[in-house]
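Chain letters run A, B, ... following the sequence lines, proteins first, then strands; residues in each count from 1. Every value quoted in this text rests on a predicted model; they were computed, and no experiment measured them.
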Amino acid sequence: MSLGTPLPVSFYDRDPRVVARELLGTVLVCDSSEGLTAGVVVETEAYLGEDDPACHAVVGRTSRTWHLFGPPGTAYVYRIYGMHWCVNAVTLPEGIGCAVLLRALAPTLGIDLMRRRRPRARRDRDLTNGPGKLCAALGIDGRLDGAPLDTGALTLRAGTPLPDARVEVTPRIGITRAADLPYRFLVRDDPFVSPTPARFPRAPYRSKADARL
DNA sequence: CATTTGATGTTCT
DNA sequence: GAACATCAAATGC
């Protein structure tokens, strides 16, 4: 079974809201010394750079955010709450500081290895239905900060494209600033997405309204 | 089912 | 000293 062709760097060189929507249905593959793991991307969030109060780019290019400002197609991996890792795909040219957070996957390869890495997960969907969970399941950590996503240990690959009718938009999860902006993209009714708070508005994806560029 | 709370440590004010 | 792009267990229906 083929894993798909890696997405070219040009794929990432667009507005992060467009990249976030287009990343749904692609495949994240991690080739570690322990084995191969992969899953279909079913949930993403866009972070729009220095003018987005919720984006790490607001503090400028520090040692932590260094690779967030890197070239498109770079992995920005950071630690959150002292315990978990999150992985982003950097978009737009070097120096801008935009990225797409990968929030949930549908596991497709290496599920046994994911289970060993996440022994508390009861159901398969609990392996990867959150940004920290998917990093733990695939073995993604700070060593991959700054890695290219089109070659090497961590790659994003072409999958089955999703029609707009299967895409839903909500505000972003777990932030306090700019918490009303609809920059979370997910596959409607997919069991592998992370839980959406009941109070959150949900809207169908409309390319004209949601990709206002 | 939903909501609350503790863990844990780096970054930022 | 507070905030933090989270998770899992515990509690309350």
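- Here the side chains of N129(A) and L134(A) are not in contact, with every heavy-atom distance at 4.5 Å or above.
- Within the 4.0 angstrom heavy-atom criterion, only backbone atoms of the sugar-phosphate kind lie near R120(A); the bases stay farther away.
- L101(A) comes within 4.0 angstrom of a nucleotide base, judged by non-hydrogen atoms across all strands.
- Rounded to an integer number of Å, the gap from CD1 of I80(A) to P of dA8(C) is 15 Å.
- Using a 4.5 Å heavy-atom cutoff, the side chains of L186(A) and L24(A) are not in contact.
- Rounded to an integer number of Å, the gap from R199(A) CZ to dT4(B) C1' is 13 Å.
- The distance between atom CZ of F200(A) and atom P of dT3(B), rounded to the nearest whole Å, is 12 Å.
- Distance CZ (R79(A)) to P (dT6(C)): 15 Å, rounded to an integer number of Å.
- For I173(A), whose side chain is taken as the heavy atoms from C-beta onward, the closest listed nucleotide among dC12(B), dA5(C), dT6(C) is dT6(C).
- Between V87(A) and A121(A), the residue anchored nearer the 5' end of DNA chain C, judged by the nucleotide with its closest heavy atom, is V87(A).
- The closest side-chain heavy-atom distance from V40(A) to L105(A) is not below 4.5 Å.
- By the stacking rule of 5.5 Å between ring centres and under 30° between planes, Y81(A) does not stack on the base of dA7(B).
- Put simply, R118(A) has a side-chain N or O that comes within less than 4.0 Å of OP1 or OP2 on dA8(C).
- Distances shorter than 4.0 Å separate some side-chain N or O of T62(A) from OP1 or OP2 on dC12(B).
- Applying the 4.0 Å criterion to OP1 and OP2 of dA3(C), one finds that T176(A) has every side-chain N and O outside that range.
- Distance CZ (R123(A)) to C1' (dC7(C)): 14 Å, rounded to an integer number of Å.
- If you measure from atom CD of E45(A) to atom P of dC4(C), you get 15 Å, rounded to the nearest angstrom.
- Atom CG of L127(A) and atom C1' of dC7(C) are 14 Å apart (whole Å).
- Applying the 4.0 Å criterion to OP1 and OP2 of dT6(C), one finds that R103(A) has a side-chain N or O inside that range.
- Taking atom P in both dT3(B) and dA5(C), one finds a spacing of 22 Å when rounded to whole Å.
- Between M83(A) atom CE and dA5(C) atom P there is a gap of 13 Å when expressed in whole angstrom units.
- You'll find that the side chain of R177(A) is closest to dC4(C), out of dT8(B), dC4(C), dC7(C).
- Considering D150(A), L156(A), T91(A), L23(A) as possible partners of F11(A), the one that fulfils the side chain to side chain contact (heavy atoms under 4.5 Å, CB included) test is L23(A).
- Candidate nucleotides dA5(C), dC4(C), dC7(C) were compared by shortest atom distance to the side chain of H56(A), and dA5(C) ranks first.
- Nucleotide dT8(B): unpaired (no Watson-Crick or G-U wobble partner with both distances less than 3.5 Å).
- One distance of note links CZ of F69(A) with CD of E94(A); it measures 11.0 Å at 0.5 Å rounding.
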